[in-house]
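Sequence lines set the chain letters: A, B, ... in the order given, protein chains first and strands last, and positions in each chain run from 1.
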Protein chains: 2
Amino acid sequence: MGRWQPDSQGRLQEAALALYSERGFDQTTAAQIAARAGLTERTFFRHFADKREVLFGGSALLKERIVAGVAGAPAGDGPLAAVARGLDAAAAMMGEFRRDLSRQRQAVIVANPELRERELAKLADYAVAVADALRQRGVGEAQATLAAEAGMTVLRLAVQRWAGGDDDQDLSTIMRDSVADLRAVAASG
Amino acid sequence: MGRWQPDSQGRLQEAALALYSERGFDQTTAAQIAARAGLTERTFFRHFADKREVLFGGSALLKERIVAGVAGAPAGDGPLAAVARGLDAAAAMMGEFRRDLSRQRQAVIVANPELRERELAKLADYAVAVADALRQRGVGEAQATLAAEAGMTVLRLAVQRWAGGDDDQDLSTIMRDSVADLRAVAASG
DNA sequence: CACGCTGATGTCAGTGACTGCTATCAGCGT
DNA sequence: ACGCTGATAGCAGTCACTGACATCAGCGTG
């Protein structure tokens, strides 16, 4: 066997989620997380840029999936329809994940302003990538950005309802409904 | 005259903007800002919760204006039209401000991820308040949130173009165009 | 098998954001 | 004259985060 326990990153993520849940984000130090994972504080910061980032491990992968969904949308799809394909991809990926973990993670995030801030930043980052994908489909600059941003807003609100709500509604269903609401809002005036 | 120089907050804000512009956000310490304002670091943190917040002084007032604009929209306005009234109010308020200062401030913000994060958080906060105002106008839960969030996205992108662009286009004009684009995106598919 | 290279980790010292507590002291009312 | 208040200074402490250097199992190479 190796010199060290395997999957340091994963252990740090688990330890962080557990401690943030138990004692709260503010009351948890990076050293405590590292200790729980059998590592040192220094190693924590080699794996994650800061204390918040440890909760957003799958972020890069999710972004890829969303962008792939948008880029792979049928040529006939309008901007918002293409974005909806990306949202389907996101729903599919998050559906694979254990629901209880998503719920726990989301609870920690909503409970802390700094973490909410980071979540918004992640979504804004996705939006930039999605807008780029839309532009490559020939969508105009302004509309690409707006469609992408609106889509990421839908994603955020849908995940909030999905992870925070008591109903067992399907994530992709919630998203589809939200996109429909968005269209209705824009149409109604 | 008083025991201290007047308007400590204002002096701190000016000093911070100047230093963030000159040396960058990361390369500026709170102590340096305070010193430039003739105060101590401790006093800086009595006025502002953290190093970022000093750039968002007018935030609460802007939020009030936007919400008032939404709440004061004619009864016949749909959700998005009402939000557009709030954006007009925002444009009016920012128009009073010196354009060069807005531009300088925006340049500092876009240059730093932490500050961009904070800007997003502020806008999300506005969105919650705007959604609340919409609900009081009888707009449904989901549509209120979506319209509010979309509106704040328009505000952010418009300010970016206004402060960052070379053209002298009117802020309220940019916003109106963006709202039109948003409607077009939702309608087109 | 000896040797050196690599990568993940540990150790340590340092900076700076932010906080809690205590001390000052002009202005102001009584 | 006297005490109260509010804005500030001063100081000590915690903790997030960083840079520099040390360690050492595993692995390839000769």
- Under 3.5 Å on both distances, the Watson-Crick or G-U partner of C:dT30: D:dA1
- OP1, OP2 of C:dG10 versus side-chain N and O of A:Thr40: anything below 4.0 Å? yes
- Are any of the side-chain nitrogens in B:Asp167 or B:Arg161 under 4.0 Å away from the carboxylate oxygens of its partner? no
- Note on the structure: B:Glu41 CD to C:dA17 C1', in whole Å, measures 7 Å
- Message: If I take atom CZ in residue A:Phe44 and atom P in nucleotide D:dT18, what distance separates them, rounded to the nearest angstrom?
- Response: 11 Å
- Measure the distance from CG on A:Leu12 to C1' on C:dG10 and round it to the nearest whole Å. 14 Å
- Separation of C:dA17 atom C1' from B:Phe25 atom CZ, nearest Å, is 10 Å
- Message: I'd like to know if B:Glu114 and B:Arg52 make a salt bridge, using a cut-off of under 4.0 Å between side-chain N and carboxylate O.
- Response: yes
- Message: Distance check needed: D:dT23 P versus A:Arg42 CZ, whole Å only.
- Response: 18 Å
- Message: Both distances below 3.5 Å, Watson-Crick or wobble geometry, any strand: find the nucleotide opposite D:dC15.
- Response: C:dG16
- Query: Of the candidate nucleotides D:dC17, C:dC21, D:dA7, which contains the atom at the shortest distance from the side chain of A:Arg52?
  - Reply: D:dC17
- Message: Under a 4.0 Å threshold between the charged nitrogen and the carboxylate oxygen, would A:Arg137 count as salt-bridged to A:Asp77?
- Response: no
- Item | Short side-chain N/O contact from B:Ser8 to OP1 or OP2 of D:dT8, under 4.0 Å | yes
- Item | Interatomic distance where CZ belongs to A:Arg118 and P belongs to D:dA16 [whole Å] | 14 Å
- Item | Given C:dC18, C:dG16, D:dA16, the nucleotide with the shortest approach to the side chain of B:Thr29 | C:dG16
- When you measure from the side chain of A:Lys122 to the backbone N and O of A:Ala60, does any donor-acceptor pair fall under 3.5 Å? no
- Item | Any N/O donor-acceptor pair, A:Arg46 side-chain to C:dG10 base, under 3.5 Å | yes
- Item | For atom CG of A:Leu39 and atom C1' of C:dG7, their distance in whole Å | 15 Å
- Query: Nearest of C:dT19, D:dT8, D:dA20 to any side-chain atom of B:Phe45?
  - Reply: C:dT19
- Message: Please report the distance, rounded to the nearest Å, between CD in A:Glu53 and P in D:dC17.
- Response: 10 Å
- Query: Does a side-chain N or O from B:Thr43 land closer than 4.0 Å to OP1 or OP2 of D:dT8, or not?
  - Reply: no
- Exceeds 12 heavy-atom contacts within 6.0 angstrom, atom CD of A:Glu22: yes
- A:His47 side-chain N/O to C:dA8 phosphate OP1/OP2 under 4.0 Å: no
